[in-house]
Amino acid sequence: MTMETDDNMGLSTKCVHSGIKDYEFGPVIPPIYQTSTFKFKDAEQGARLFKGEEHGYIYTRMLNPTVEAMENAIAELEGGAYSIGCASGMAAIALIFFTLTKSGDHVICGKSIYGATSSFLLQTLTKFGVESTFVDTSNINEIENALRENTKIIFFETPANPTLTVSDIQQIANLAHLYGAKVVVDNTFMSPILQRPLELGADIVVHSMTKFINGHADVVAGIVVLKNADDYPTFRKMSNLIGGVIDPFNAFLVHRGVKTLEIRMKKHCENSLKIATYLEAHPKVERVFYPYLRSHPQYELSLAQTKGGGGVISFELKGGFEAGKTLMNNVKIWQLAVSLGGVESLIQHPASMTHASMDEELRAEAGIKDGLVRLSVGIEDVDDLIWGLEQGLKRI
Ligand SMILES: *Cc1c(COP(=O)(O)O)cnc(C)c1O
């Protein structure tokens with residue numbers, strides 16, 4: 001019998017069971033269908049599959065059962081109608097803009113944003129005649145002033161990368177829908193465990209599953225989750241034309257990661273709040289950014305909109321860039337690496353690393369100072385993580 005999950009079930013139950021169906025031989029886990037193509041029973045079935053009159057599989061770029069199982073799991077966790085697995089978070093972001101915009105359209109994007117997202121809008125989408133305006137999406141007036149008749153998408157991260165600025169999804173969705181624009185939330189930092197943007201009015205959620213959803217730093221993958229079933233055919237068609245799809249093995253790994261997503265997120269949040277509190281009291285630290293600290297400018301909104309502060313902390317050291325370098329070269333346990341959302345703790349410097357590709361002016365406007373350090377807090381024992389940071393901080 002198939003384990004059916006429904007909306008009344010808890011998130012941990014959904015993480016373990018979502019997307020799982022019956023397969024030949026009764027495996028508990030969806031098999032890895034490592035095949036590029038699928039044979040038809042006869043010419044008539046082939047024709048039916050191509051016409052879309054029968055659900056089934058033709059070619060792995062179009063649909064694959066292992067990929068589909070993972071897609072169903074994520075759609076269920078986010079409360080969406082469908083989702084489309086992609087080769088990376090950037091492939092998922094590109095898929096959204098290529099599907100929803102055409103020459104002459106306009107996009108509003110959050111100022112504090114993943115570096116490659118801003119570069120994609122400024123360097124790639126402009127080539128196709130789509131213009132972008134970058135605003136602080138935590139300020140609804142800035143969005144309203146930027147809205148135009150041809151605005152098709154309002155795209156933002158909340159909490160945003162790397163400043164952890166929080167934007168009000170519901171308020172933005174209400175405004176966007178008055179203007180006929182779609183709201184797209186990059187939910188990478190929260191995962192569906194901590195924040196469900198579709199329930200707050202967003203139309204589309206995108207994830208870099210490379211981060212928390214897979215959670216083990218061994219896969220690059222992305223996903224687009226659609227609230228409305230009506231959007232699905234055009235998105236699936238564009239995914240098939242661009243071809244940036246996730247492969248069956250990576251989909252299998254991501255689906256395996258999802259099983260522990262809820263317990264991992266709990267531990268990420270628990271460790272992060274303790275570390276943020278420790279850093280805030282530290283004499284070498286100027287400022288700490290973490291949505292569940294009372295000092296965060298949108299603390300109340302964070303509590304209302306999310307179920308936890310997540311696993312990313314940013315902070316400014318009193319000694320600027322030099323102090324940052326000393327810290328990064330002397331910490332223990334924390335590994336000097338970009339990316340985030342894995343079980344292991346990482347430390348990095350946005351101005352020279354993840355956000356180096358971002359336009360310099362835009363970076364300054366987004367509040368990404370040269371001395372800003374970003375932590376991705378893992379699931380190790382928090383006392384060890386604090387000890388590891390102290391080994392670096394005391395050398396400053
Ligand atoms: C990593 C990241 C991306 C890009 O995802 P890839 O899987 O690296 O392509 C997009 N948005 C956010 C918030 C990210 O952290």
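Indexing begins at 1, ligand by ligand and atom by atom, following the structure's order.
The salt bridge (Lys or Arg N to Asp or Glu O under 4.0 Å) contacts involving residues 207-230 comprise nothing, where partners must be two or more places apart or lie in separate chains.
For Phe38, the ring-ring contact (aromatic ring centres under 6.0 Å, His included) criterion is met by Tyr57, not counting sequence neighbours. For His268, the ring-ring contact (aromatic ring centres under 6.0 Å, His included) test picks out Phe212, with sequence neighbours left out.
Checked by atom type, the side-chain pair Ser345/Glu380 shows a donor-acceptor distance below 3.5 Å. For the residue pair Asn139 / Asp136, no side-chain donor-acceptor distance below 3.5 Å is found, with atom types taken as modelled.
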Ligand-protein N/O pairs under 3.5 Å (ligand 1):
unit_1   : atom_1 : unit_2 : atom_2 : d
ligand 1 : 5 (O)  : Ser208 : OG     : 3.0
ligand 1 : 7 (O)  : Gly89  : N      : 2.8
ligand 1 : 7 (O)  : Ser208 : OG     : 2.8
ligand 1 : 7 (O)  : Thr210 : OG1    : 2.7
ligand 1 : 9 (O)  : Gly89  : N      : 3.0
ligand 1 : 9 (O)  : Met90  : N      : 2.8
ligand 1 : 11 (N) : Asp186 : OD2    : 2.7
ligand 1 : 15 (O) : Lys211 : NZ     : 2.7

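No side-chain heavy atom of Pro31 sits less than 4.5 Å from a side-chain heavy atom of Thr66.
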